[in-house]
Protein chains: 2
Amino acid sequence: MAERKVNTTSTQVAKLAGVSQSAVSRAFTPGASIAESTRRKVFHAARKLGYQPNAIARSLSTKRSKIIGIVIANVTTNPFYPEVLDALSRRFQQRGQRVMLFVVTRDQNLDDILPQFLEYRVDGILLTAATLSSAMAHECARLGVPITLFNRSVPDAHASSFCCDNIEGGRMAARLLMESGHHQVAFVAGSNDTSTSLERERGFREELKKHGLEPCIDMGEFSYQGAFDAARRLMKLPKSPDAVFCANDIMAIGVLDALRHAEQKKVPEEVSVIGFDDIPMAAWPSYNLTTIRQPIERMIDSAVNDLLDRINQNTIAPKQELVRGDLVVRSSAKLPSGLSSGYVISTSETRNV
Amino acid sequence: MAERKVNTTSTQVAKLAGVSQSAVSRAFTPGASIAESTRRKVFHAARKLGYQPNAIARSLSTKRSKIIGIVIANVTTNPFYPEVLDALSRRFQQRGQRVMLFVVTRDQNLDDILPQFLEYRVDGILLTAATLSSAMAHECARLGVPITLFNRSVPDAHASSFCCDNIEGGRMAARLLMESGHHQVAFVAGSNDTSTSLERERGFREELKKHGLEPCIDMGEFSYQGAFDAARRLMKLPKSPDAVFCANDIMAIGVLDALRHAEQKKVPEEVSVIGFDDIPMAAWPSYNLTTIRQPIERMIDSAVNDLLDRINQNTIAPKQELVRGDLVVRSSAKLPSGLSSGYVISTSETRNV
DNA sequence: TGCATGTTTGCATAGGCATTCATTATTTTT
DNA sequence: AAAAATAATGAATGCCTATGCAAACATGCA
């Protein structure tokens with residue numbers, strides 16, 4: 001084991017500056033009671049010695065690590081999540097928090113991960129596309145570490161949750177398809193243990209029912225390839241669908257490719273396709289995907305604010321928030337009369353549940 | 001500011017178990033000198049109190065944080081980097097290291113970021129798609145914090161670097177295009193301050209020169225849209241190219257889309273397109289991109305091993321390693337006779353420079 | 001039984017910073 | 001100019017764990 005070189009300490013800076021160690025500490029603490037002149041002396045000495053305050057020692061002393069634990073899944077399979085990670089990282093950075101990251105698979109159990117966060121005394125935990133066991137939720141609550149879920153509904157009153165209004169999203173997709181006169185519709189699900197997929201399906205179903213229709217369902221495993229295969233199965237059905245709604249964009253793209261390249265179907269003339277998320281790729285000319293946009297920035301803002309608020313004031317109760325998505329009309333689904341591609345039907349609003 | 005609830009400490013566990021605090025510490029330290037019977041007593045008491053060792057205090061005491069700082073850029077614009085992040089995160093996790101993450105933009109200056117890592121006394125730093133000022137490299141060397149660059153060549157003897165052999169990759173692309181009889185070739189660059197783009201261009205140029213050709217160059221800014229626009233400009237040239245090599249896959253895909261959807265060109269019949277990276281999308285039926293594969297897993301393995309080795313033994317000198325890529329032949333580029341789609345020309349090997 | 005090894009154990013301290021408390025310097029008030 | 005209030009300072013202590021050291025204990029062997 002190599003010896004780590006010794007870093008300059010506040011005491012050494014103090015000696016050089018001719019002040020006490022306390023003064024050095026105060027010089028680096030915004031709002032501390034210290035004369036401007038001594039602060040300058042301290043900074044001067046600090047610079048000379050290449051002093052970096054030791055955040056580890058500070059954390060031990062203040063009992064705040066200024067670290068947020070983030071768990072993220074699907075980062076390689078769904079371009080939506082890199083967007084989320086990017087936005088999260090920036091927000092926390094802006095707010096003076098560091099990020100400790102775990103990349104997991106969708107089905108990975110977090111009960112081994114979260115304790116590692118707890119060992120490092122993270123100030124809060126944000127879970128993306130990952131679910132929380134209620135035992136862990138309790139444990140974190142007991143230790144006073146707030147948890148916020150992003151894009152998963154909450155299993156427990158101990159955590160906050162920020163989601164897109166998936167049910168309404170499903171309804172919007174169904175409405176569009178009904179208005180443009182489809183008769184045989186399908187839903188490509190992600191997986192049956194994921195609230196996003198289940199809720200989108202539910203809203204979709206509900207709305208179709210009003211028109212006396214029932215979707216046929218296939219499973220796309222939240223992946224391009226899974227959806228590609230699902231589309232091929234769907235087209236082999238006796239009554240093959242004239243519209244497919246997918247639980248997310250990456251699957252919608254898989255379906256589109258399957259329809260065009262493996263099934264020789266014209267989209268949207270023969271089959272309409274709708275996705276969910278509005279990832280950047282959805283706007284690419286090859287796809288031009290009609291989809292439900294999740295307002296990432298707004299959702300992230302809310303989630304980050306909530307988590308930081310609860311860190312700073314532990315009396316704040318966790319909350320569940322639903323954010324409405326927007327229907328982004330492009331050209332992968334037949335247009336109802338009166339609607340043109342490029343139109344965004346914005347119903348964005350936020351509501352508490 | 002909310003009071004953080006007090007966690008159980010080793011002293012409390014000690015009291016309950018009827019041993020000293022040292023014993024508790026030893027019980028949680030693999031390889032420490034402690035009787036199995038007392039270890040059991042300790043674990044029992046620890047479990048009863050819900051004790052989590054405090055990694056912050058441990059870090060302060062051992063002067064090792066077990067944290068690796070990772071900086072990653074392009075995470076939303078290039079699917080290659082989510083793959084890299086995923087692989088990195090898993091590797092470090094396996095090796096018992098946590099990851100502190102910063103997501104940055106390509107041009108963001110790291111001189112504000114790295115000091116934050118240093119404050120937290122990270123054990124090592126890994127930079128992906130980001131460049132390092134030589135001042136910072138020195139600072140880290142002074143403090144004994146090893147740095148490893150991934151996919152950027154090293155500006156300084158103080159850091160290690162792990163790259164794909166970009167020059168050879170460029171040559172491979174050129175060779176393929178020459179063998180299949182192209183006469184007017186173009187290169188879509190990423191940016192002129194990035195070693196990857198410059199080196200790929202250089203190898204491409206070198207090999208073309210042997211055939212008396214010179215590529216015309218345009219700039220795609222490492223993005224889908226940038227490359228889309230570049231392709232349109234290229235096709236407007238008096239001598240429009242019959243082959244385009246792109247500095248990465250996401251740009252190749254942008255070029256493909258531009259050619260097919262905006263320029264009505266057949267690919268590969270009228271124009272061949274070659275990318276670099278072999279991101280998952282490259283294999284999608286819509287694109288079927290011929291490309292140079294970067295062997296991510298192998299590169300990451302080497303990079304992680306190197307960094308951890310240098311952390312554990314600070315006498316090890318930083319090294320620069322080049323890993324050969326493989327030419328993955330699909331159908332976005334005309335095939336030379338004797339070669340069929342699906343073929344992978346593997347020249348993979350690693351060499352030190 | 002007695003001595004030499006080897007193993008366990010606890011005490012005491014270090015690690016770097018923040019913070020309380022008591023003290024001193026400075027400013028404001030009258 | 002004195003009194004009162006405020007600001008700035010340093011000494012001492014706490015945060016929690018790891019570890020060097022010496023003492024206590026256990027084991028093997030003669």
Side-chain angles (χ1 to χ4, degrees), chain A residues 1 3-42 45-46 49-67 118-123 143-144, chain B residues 1 3-42 45-46 49-67 118-123 143-144:
Chain A
M1 183 73 91
E3 285 299 305
R4 171 80 171 256
K5 293 196 186 133
V6 183
N7 291 278
T8 344
T9 70
S10 56
T11 311
Q12 295 172 31
V13 176
K15 193 173 293 175
L16 179 61
V19 298
S20 72
Q21 180 268 325
S22 321
V24 177
S25 171
R26 288 195 254 261
F28 283 92
T29 307
S33 169
I34 188 172
E36 192 48 41
S37 58
T38 51
R39 168 168 276 154
R40 266 204 305 277
K41 270 194 293 185
V42 169
L49 297 178
Y51 170 71
Q52 301 266 148
N54 184 329
I56 297 284
R58 172 184 296 155
S59 301
L60 182 61
S61 188
T62 60
K63 300 180 172 233
R64 301 204 152 267
S65 62
K66 293 258 180 188
I67 299 177
L118 297 178
E119 285 194 0
Y120 276 89
R121 302 298 188 262
V122 297
D123 291 343
L143 296 170
Chain B
M1 184 71 91
E3 286 299 304
R4 172 79 170 257
K5 290 188 190 142
V6 183
N7 291 279
T8 359
T9 70
S10 54
T11 312
Q12 295 172 33
V13 175
K15 193 173 295 174
L16 180 60
V19 298
S20 72
Q21 179 267 328
S22 322
V24 178
S25 170
R26 291 188 179 109
F28 284 92
T29 305
S33 168
I34 189 172
E36 193 48 41
S37 58
T38 52
R39 167 168 276 152
R40 266 204 304 277
K41 272 195 292 185
V42 169
L49 296 178
Y51 170 72
Q52 301 266 148
N54 185 327
I56 298 284
R58 171 183 296 155
S59 301
L60 182 61
S61 189
T62 60
K63 303 188 168 218
R64 301 207 151 265
S65 61
K66 291 257 180 192
I67 299 177
L118 297 178
E119 284 194 1
Y120 276 89
R121 302 297 189 261
V122 296
D123 291 343
L143 297 170

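Chain naming here is simple, since letters A, B, ... match the order of the sequence lines and numbering starts at 1 in each.
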* At what distance, to the nearest 0.5 angstrom, does CZ of Arg58(B) lie from NZ of Lys66(B)? -> 8.5 Å
* Asked: What's the spacing between Glu119(B) CD and Asn7(A) CG if we round to 0.5 Å?
  -> 11.0 Å
Show which side-chain atoms of residues 14-33 of chain A pair as donor or acceptor with protein atoms under 3.5 Å away, not counting sequence neighbours.
{"residue": "Ser20(A)", "atom": "OG", "partner": "Ser22(A)", "partner atom": "N", "Å": "3.4"}
{"residue": "Ser20(A)", "atom": "OG", "partner": "Ala23(A)", "partner atom": "N", "Å": "3.3"}
{"residue": "Gln21(A)", "atom": "NE2", "partner": "Ser10(A)", "partner atom": "OG", "Å": "3.4"}
{"residue": "Thr29(A)", "atom": "OG1", "partner": "Ser25(A)", "partner atom": "O", "Å": "2.7"}

* Structure fact -> chain B vs DNA chain C, heavy-atom contacts under 4.0 Å, first-to-last nucleotide span, 5' to 3', is dT8(C) to dG16(C)
* Structure fact -> Taken to the nearest 0.5 Å, the spacing of Leu60(B) CG from Arg121(B) CZ works out to 10.0 Å
* Asked: Among residues 32-42 of chain A, which contact DNA chain C at a heavy-atom distance under 4.0 Å?
  -> none
* May I ask you to test the Tyr120(A)-Ser59(A) pair for a side-chain heavy-atom distance under 4.5 Å? => no
* **Terminal helix-axis angle for the helix from dT1(C)-dA30(D) to dT30(C)-dA1(D), with five pairs defining each axis and rounding to 10 degrees** => 30°
* Structure fact -> Applying side chain to side chain contact (heavy atoms under 4.5 Å, CB included) to Thr38(B) and not counting sequence neighbours gives Ile34(B), Ala35(B), Lys41(B)
Donor-acceptor list for residues 49-57 of chain B side chains, cut-off 3.5 Å, not counting sequence neighbours:
{"residue": "Gln52(B)", "atom": "NE2", "partner": "Pro115(A)", "partner atom": "O", "Å": "3.3"}
{"residue": "Asn54(B)", "atom": "OD1", "partner": "Ile56(B)", "partner atom": "N", "Å": "2.8"}
{"residue": "Asn54(B)", "atom": "OD1", "partner": "Ala57(B)", "partner atom": "N", "Å": "3.0"}

* Structure fact -> Per-nt protein contacts along nucleotides 15-22 of chain D (heavy atom under 4.0 Å; B base, S backbone sugar-phosphate only, - none) come out as BBBBBB--
